[in-house]
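In each ligand, atom 1 is the first atom listed, and ligand 1 is the first ligand listed.
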Amino acid sequence: MIKIAVLVSGGGTNLQALIDAQKAGAFPNGEIVLVMASNQKAYALERAKNAGIESVVVSRKSFADPADYDRVVVETLQSRGIELVVLAGFLSILGKPVIDAYPGRILNIHPSLIPSFCGAGFYGLRVHQAALDYGVKVTGATVHLVNEIPDGGRILLQKAVDVLPDDTPETLQRRVMEQAEWKLLPQAVAMLCEQLEQEKKS
Ligand code: GAR
């Protein structure tokens, strides 16, 4: 079984999609054993509690030196034997030590079709506002591996979603979540768990 940590910052609807998928048996090769939040107020913490999953808060702001933050993140993950890290609406940037500790084992979901509307400064509603400002007729979501370039790692899955004439950032965000994110993320996690489990056996 691949031990999974889900890193969150906000409402945690993507975390919920993962929890629901797990309950429905979608992860025969993995188990979510830890939820790490970047702030105490994240509603995602409530979702973890309701699902009986251990949660911790590690806030970048509480460390004067970013190196200390990265060290504590790695220690927290490694002490639970985490093998796969899923960023599900996680808004802190992870430093090189974290990325190096989990090469090819950190996934992120981004609410656009990368390489559009991505990179530094593009998160949450800002991504959808940018898509509307540009006037694209199709947007979507992307699951990708995390490397040192923001939203720059290898793409695993993408799904397109229509932009409708009366969309606001909020309505577009909701449609992208419902039609793409909540489906793609569990699918990618199942895929990677199977792959990592195979690697362990071989
Ligand atoms: C999601 O739309 C996710 O794709 C996005 O934040 C939202 C979190 O919602 N992530 C990014 O923008 C990362 N660059 P959630 O907390 O309800 O899952």
Need the ligand 1 atom indices (1-based, order shown) with element for anything under 4.0 Å from a heavy-atom of H110.
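Those qualifying, in numeric order: 14 (N).
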Quick check on contacts: which atoms of ligand 1 are under 4.0 angstrom from a heavy atom of E181?
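It comes down to these atoms of ligand 1: 1 (C), 2 (O), 3 (C), 4 (O).
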Write out all pairs satisfying salt bridge (charged side-chain N to carboxylate O under 4.0 Å, His left out) with one or both partners inside residues 145-158, taking only residues at least two apart or from two chains.
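Residue pairs passing salt bridge (charged side-chain N to carboxylate O under 4.0 Å, His left out), neighbours aside: K96-E148.
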Any idea which protein heavy atom is nearest [atom], and the distance to it?
{"atom": "atom 11 (C) of ligand 1", "answer": "P111 CD, 3.6 Å"}
{"atom": "atom 9 (O) of ligand 1", "answer": "M177 CE, 3.4 Å"}
{"atom": "atom 8 (C) of ligand 1", "answer": "G89 CA, 3.6 Å"}
{"atom": "atom 16 (O) of ligand 1", "answer": "G12 N, 2.8 Å"}

Strictly by side chain to side chain donor-acceptor pair (under 3.5 Å), give each pair with a member in residues 33-48 just once, sequence neighbours left out.
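Non-adjacent pairs meeting side chain to side chain donor-acceptor pair (under 3.5 Å): S9-S38, Q16-R47.
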Nearest heavy-atom pair of V161 and R175: which atoms, and what distance?
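Minimum heavy-atom contact is CG1-CG, 3.7 Å.
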In this structure, would L192 and I19 fall into the same cluster of hydrophobic residues linked by side-chain contacts under 4.5 Å?
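Same cluster.
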Is E181 salt-bridged to K159, going by a charged N under 4.0 Å from an acidic O?
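Salt bridge absent between E181 and K159.
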Salt bridge check, E83 against K200: does any charged N sit closer than 4.0 Å to a carboxylate O?
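Yes, charged N to carboxylate O under 4.0 Å.
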Residue-ligand contact V8/ligand 1, heavy atom below 4.0 Å
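Judged by the 4.0 Å heavy-atom criterion, V8 does not count as contacting ligand 1.
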Could you establish whether F122 and ligand 1 come within less than 4.0 Å of each other, counting only heavy atoms on the residue side?
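For ligand 1, residue contact (heavy atoms, under 4.0 Å) with F122 is present.
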Do ligand 1 and [X] have nitrogen or oxygen atoms that lie under 3.5 Å from each other?
{"X": "T13", "answer": "yes"}
{"X": "N14", "answer": "yes"}
{"X": "D151", "answer": "no"}
{"X": "G124", "answer": "yes"}

Test M36 against every option in L45, V6, L7 by the side-chain contact (heavy atoms from CB on, under 4.5 Å) rule and name the one that passes.
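Answer to the side-chain contact (heavy atoms from CB on, under 4.5 Å) test with M36 among L45, V6, L7: L7.
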How far does OG1 of T142 sit from CD1 of I155, to the nearest 0.5 angstrom?
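Rounded to the nearest 0.5 Å, the OG1-CD1 separation comes to 5.5 Å.
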